[in-house]
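Structure record follows, encoded as structure tokens.
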Amino acid sequence: MATPYTQVLPLPRHQHFPKPNPISKTVINDRYFENHPLVLLIDICQSIKQLKQIHAYMLRIGLFSDPFSASKLIEASSLSHFSSLDYAHKVFDEIPQPNLFSWNALIRAYSSSQDPIQSILMFVNMLCEGREFPSKFTYPFVFKASAKMKALRFGRGLHGMVVKGRDVGLDIFVLNSLIHFYADCGCLDAAYLVFENMQTRDVVSWNTMILGFAEGGYADEALKMFHRMGEENVRPNDVTMMAVLSACGKKLDLEFGRWVHAFIKRNGIRESLILYNAILDMYMKCGSIEDAERLFHKMGEKDIVSWTTMLVGYARAGNFNAARSILNTMPSQDIAAWNALISAYEQSGKPKEALSVFNELQLIKKAEPDEVTLVCALSACAQLGAIDLGGWIHVYIKKQGIKLNCHLTTALIDMYSKCGDVEKALEMFDSVNIRDVFVWSAMVAGLAMHGRGKEAISLFLKMQEHKVKPNSVTLINVLCACSHSGLVEEGRAIFNQMEDIYGIVPGVKHYACLVDILGRAGELEEAEKLINNMPITPGPSVWGALLGACRLHGNLELAEQACNRLVELEPENHGAYVLLSNIYAKSGKWDEVSMLRKRMRECGLKKEPGCSSIEVHSIVHEFLVGDNSHPQSQKIYAKLDEIAARLKHVGYVSNKSQILQLVEEEDMQEQALNLHSEKLAMAFGLISVAPSQPIRIVKNLRVCADCHAVAKLLSKLYNREIILRDRYRFHHFKEGNCSCKDYW
DNA sequence: ATAGGGTTAG
């Protein structure tokens, strides 16, 4: 049989090697076979197929048992341009006594792979076997893997080993990667300590430290480091400048950004395309589209990132036409560009536009949707309450065999929760085994918005059993759960434990939640006291919560106070006026209502029109108050008449205190109330949704008490489940009751 | 043999 590899690769000429002896101890860790023709072949090998042929031949002649030769094979299979980590690992497992080089090669390959934990596992295995010890070529990659994993405790342990291991503790590569690791874990003080204690620092040390500060949200520190670098006569390079630009973008300091741009030109910094893209990005972040455009037109070479950076800049500034025309003119539209447009629409509260771009992408098939696309599309569905489309995307993910990452899992849980199917959200949550803090937080939020406060709290506790540390958002969600379920004691207790147990200083949002919890429970005095004694300035959310509580408990004086503070902070906040006028209307103070209306008109404010939407057969239908623009309008109004008759029959009298507009005539009032957007949507739902399916409605404002009462009755009279999402939470109407137990 | 870099996501 012909030797297979000779058909592909020429065999080198020197042939004077003794046959490798697998048992001989003398060859272990020796470079004895360095110039063996097969080993030399590895260096010129170009594909995994060729490598496998060499591997086979090495096994045949026994060369594979030589650790040095085997390590060359590992290097090629794990680190070359044609590398295959799975294959490399399999080869590795066959090596009788892998040398340090082999261990390092695999640890390195895994550290920059999708699966950095493998790098750490390899490292631990190496320690356990105890034959080889980590070197200065090992640590940089284990630190890199630990940084990716945010494995702070593990990395700290490594740091200890480095310090004990003397010579590695002085290696500049090891220390630079250590700085990077601490910075990535958010421990900038530890990173800085390492930096300060270094005997010698190079430009990479400075760059790593500056970027660490910039990314960690300490832009000022980053810029200070840059200045100090100049004072210590360390020449910055292009990487330094990118770190500095990142800091400018965070600080939104256009003047300094322009200075940096000039500095780059003045100091002969290597002008790479990457660097220019970073300058573009900085100008866009600092809000100077003009500077960005000027540079963009001057740039000789542009790549897809340059175009996408412009696209994102326009879209974030709300100039969607310009963003769209970038997408149309850029030479190749990769998925990142589409994602940028979809995400910009979604983030600016334009979910319908986001979904229409998503739809277009699928029709023209210029690029394949990826995880980012799907996360954005799911968020748009969540905003709209479009459960059909959201469910379709879920099926698509399964069909395409897309692996769920935490971003996707979170988006799915959020989508199902916000579309009213908290059971599906829970199913999703239970079906995954990798859950980061975002996944847990989303599930806590889902339970919270459905008024399942006790379950939210127990999930919050379970999360800690799973050793996932709650963050500031998790705490907002769990406090919110307490407020929606009237869990006053629990809420108070969690709030008081925040700093000591969770290490999170309460922010404005946390205070707002507690005010809400206390206020709803009628503890207005305590809520007021809390606000007066807050160590931070109460923001709009805090006054809003107080105002909401006043509405529930009819405290006019406090309401006026809260409303005034709210309007001081947010002159354009019509919600505040509406709430106050709500309170006036409830106590029949129509003069005050009209005065407030006048004030709003003078400020040019309009009440945000109530709008309800309902998805039927994947199409989202929207209704405004008294809307008759729907194609099936006649049928809807006929249904409304029928509903009114049936309600009257069971003795229902409408609750007129809910009328926000000052309407003089009695029957006009009743009409306005009967034509609230959620009632139109409910009527349409009764006509169009199959009886076995719940009627799901999304309202942009809070549901009014009359509509709430009507929904309860309808659920009983028509034996239908109605799931209504308002601005605040969910209401599940079933058999004449609501899941909120009339507490909202 | 090694460390640091630009666009899109919850």
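Proteins get letters first, then strands, A, B, ... in listed order; numbering begins at 1 in each. This one's a predicted model, so the numbers in the text were calculated from it and none came from an experiment. Values reported hereafter were calculated over all heavy atoms of this structure, with side chains retained and with hydrogens, waters and symmetry mates removed.
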*asked:* If the condition is side chain to side chain donor-acceptor pair (under 3.5 Å), which residues does T373(A) pass it with, not counting sequence neighbours?
replied: N339(A), D370(A)
*What distance do L355(A) atom CG and Q383(A) atom CD have between them, rounded to the nearest 0.5 Å?*
9.0 Å
*Residue pairs involving residues 186-201 of chain A (criterion side-chain hydrogen bond (donor to acceptor under 3.5 Å, both in side chains); sequence neighbours excluded)*: Y192(A)-E196(A), Y192(A)-R228(A), E196(A)-R228(A)
*Kindly write out the residues that satisfy ring pair (Phe, Tyr, Trp, His ring centres under 6.0 Å) with F154(A), not counting sequence neighbours, or none if the list is empty.*
none
_Partner set under ring pair (Phe, Tyr, Trp, His ring centres under 6.0 Å) for H159(A), not counting sequence neighbours_ = Y182(A)
*Apply ring pair (Phe, Tyr, Trp, His ring centres under 6.0 Å) to F320(A) and list each qualifying residue two or more places apart in sequence or on a separate chain.*
Y345(A)
*Name every residue in residues 314-341 of chain A that has at least one heavy atom under 4.0 Å from any atom of DNA chain B, in order of residue number, or write none if there are no such residues.*
R316(A), A336(A), N339(A)
*Which residue pairs pass the salt bridge (Lys or Arg N to Asp or Glu O under 4.0 Å) test with at least one member in residues 315-327 of chain A, sequence neighbours excluded?*
R324(A)-E360(A)
*Does anyone know the first and last nucleotide of DNA chain B in reach of chain A, 5' to 3', at under 4.0 angstrom to a heavy atom?*
dA1(B) to dG10(B)
*Residues from residues 343-354 of chain A sitting under 4.0 Å of DNA chain B, heavy atoms only?*
S343(A), E346(A), Q347(A)
_Partner residues of T240(A) under the side chain to side chain donor-acceptor pair (under 3.5 Å) criterion, sequence neighbours left out_ = N207(A), N237(A)
*asked:* Over all strands shown, is S272(A) touching base, sugar-phosphate only, or nothing at heavy-atom distances under 4.0 angstrom?
replied: base
_Residue pairs fulfilling side-chain hydrogen bond (donor to acceptor under 3.5 Å, both in side chains) with at least one residue in residues 347-359 of chain A, sequence neighbours excluded_ = K352(A)-E622(A)
*What residues form a ring pair (Phe, Tyr, Trp, His ring centres under 6.0 Å) with W392(A), not counting sequence neighbours?*
Y396(A)
*Within the structure shown, what part of the strands sits under 4.0 Å from D414(A) by heavy-atom distance: base, sugar-phosphate, or nothing?*
nothing
*Heavy atoms under 4.0 Å, any strand shown: does F141(A) hit a base, just sugar-phosphate, or nothing?*
sugar-phosphate
